[in-house]
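A, B, ... follow the sequence lines: proteins, then strands. Residue 1 opens every chain. For the numbers below, each heavy atom of this structure counts, side chains included, while hydrogens, waters and symmetry mates do not.
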Amino acid sequence: MKRILNGLKREYPTAKCELAYRTPFELLVATILSAQCTDVRVNLVTPALFGRFPTAHDLASADPREVEELIRSTGFFRNKTRNLIGMARALVEDHDGEVPSEMEALRVLPGVGRKTANVVLGNAFGKNEGITVDTHVARLSGLLGLTTHNTPDKIEQDLMRLVPRADWTLVSHLLIWHGRRVCIARRPRCAHCVLRTICPSAFSAAPRTAARHR
DNA sequence: ATCCCGAGGG
DNA sequence: CCCTCTGGAT
């Protein structure tokens, strides 16, 4: 695991959050939108969304139909709209319209789960509350020791035990970047992967289909 | 047909 | 643990 992380660090020295945002509020909204949707598509809709609803106060009084139209292409748009407006109202009522920097306060907001809270705490507030790993990690399962009995939750716990707390947010981004750029679903670029020599699922020749790990 | 930086509910 | 919610890219 140590060797894997060192390899990834060398490959992505500037890994960071790829969601576009300027304020904690914008990051919170963008992260909620990123559920089952790529960061690229989120970044396509957020400029118009943030232009129309720059703060929690603006979103709290928004017309749901207008929000739905703006975020439709990110999928799950009815759930997301309900959560976004409910979240904005909670921010206005309980936090003067600001995004709280505490895990417990974030988690009770509508639509904010463990992963969303971690992204906001790590990237907007510089806190390392935990390592959250995305669905890409299933493709690194062979490397990370992910099995039926060794779930993503277990992997995250192992990573937190191995990595200094100061690097938790960085490690989340390293794994995400690798998933986005190299270990791509159904078309992994194994020939360009720094983990090629130690990955049990890697193709030695140019791959045509994705590696299956389970 | 399968996947995407998920959350909420049963 | 399971299921549902959604559109777009590949």
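- Within the 4.0 Å cut-off from OP1 or OP2 of B/dC5, at least one side-chain nitrogen or oxygen of A/Arg180 is found.
- In this structure, A/Arg114 places its CZ atom 10 Å from C1' of B/dG6, rounding to the nearest Å.
- Using a 4.0 Å heavy-atom criterion, one finds that A/Gly113 contacts the sugar-phosphate atoms exclusively.
- No engagement by A/Thr132 is indicated, since no non-hydrogen atom pair under 4.0 Å with the nucleic acid exists.
- The interatomic distance linking A/Ile155 (CD1) with B/dC5 (P) rounds to 19 Å, in whole Å.
- At whole-Å resolution of the value, CG in A/Asn43 and C1' in B/dC5 are 11 Å apart.
- Applying the side-chain contact (heavy atoms from CB on, under 4.5 Å) test between A/Tyr21 and each of A/Thr31, A/Asn123, A/Asn43 identifies A/Asn123 as the sole match.
- The gap from the C1' atom of B/dC4 to that of C/dC1 amounts to 23 Å, rounded to the nearest Å.
- If you take CG of A/Asn79 and P of C/dG7, they are 11 Å apart, rounded to a whole angstrom.
- The pair A/Glu102-A/Arg107 does not count as a salt bridge, with every side-chain nitrogen at least 4.0 angstrom from each carboxylate oxygen.
- A salt bridge links A/Glu18 to A/Arg181: at least one charged side-chain nitrogen sits closer than 4.0 Å to a carboxylate oxygen.
- Between the P atoms of B/dC5 and C/dT4, the separation comes to 23 Å (whole Å).
- Considering only side-chain atoms of A/Thr38, the nucleotide from B/dG6, B/dC5, C/dG7 that sits closest is B/dC5.
- A straight line from CG of A/Leu84 to P of B/dG6 spans 15 Å, rounded to a whole angstrom.
- An aromatic stacking contact links A/Phe76 with the base of B/dG6, defined here by ring centres under 5.5 Å apart and ring planes under 30° from parallel.
- Where A/Gly111 and A/Val40 each meet DNA chain B at their nearest nucleotide, the meeting point lying more 5' is that of A/Val40.
- Taking the charged nitrogens against the carboxylate oxygens, A/Asp39 and A/Arg180 do have a contact shorter than 4.0 Å, which makes a salt bridge.
- Side chains of A/Asn6 and A/Arg3: no donor on one and acceptor on the other come within 3.5 Å.
- Spacing of P atoms, C/dT6 relative to B/dG9, comes out at 14 Å, to the nearest Å.
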For this session: Please lay out, stage by stage, how A/Leu33 and A/Phe76 fare under the test side chain to side chain contact (heavy atoms under 4.5 Å, CB included).
Result: CA-CA 9 Å; A/Leu33 291 182; A/Phe76 295 159; over 6 Å; no
Output one line per pair: protein atom, nucleotide atom from nucleotides 8-10 of chain C, and distance, for all N/O pairs under 3.5 Å.
{"from": "C/dT10", "atom 1": "O2", "to": "A/Arg186", "atom 2": "NH1", "distance (Å)": "3.4"}
{"from": "C/dT10", "atom 1": "O2", "to": "A/Arg186", "atom 2": "NH2", "distance (Å)": "3.4"}

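- A side-chain contact (heavy atoms from CB on, under 4.5 Å) with A/Leu59 is found for one member of A/Val92, A/Leu91, A/Val29, A/Thr81 and no other, namely A/Val29.
- A salt bridge links A/Glu69 to A/Arg72: one of the charged nitrogens lies within less than 4.0 Å of a carboxylate oxygen.
- Per the geometry, CZ belonging to A/Arg82 stands 12 Å off C1' belonging to C/dT6, to the nearest Å.
- When distances run from any side-chain atom of A/Thr116 to the nucleotides C/dT6, B/dC5, B/dA7, the shortest one goes to B/dA7.
- Between the CD1 atom of A/Ile32 and the C1' atom of B/dG8 there is a distance of 13 Å, rounded to whole Å.
- Rounded to whole Å, the distance from CG on A/Asp134 to P on B/dC4 is 8 Å.
- Among the protein residues, A/Val112 comes within range of the sugar-phosphate backbone only, with heavy atoms under 4.0 Å from sugar or phosphate atoms but none that close to a base.
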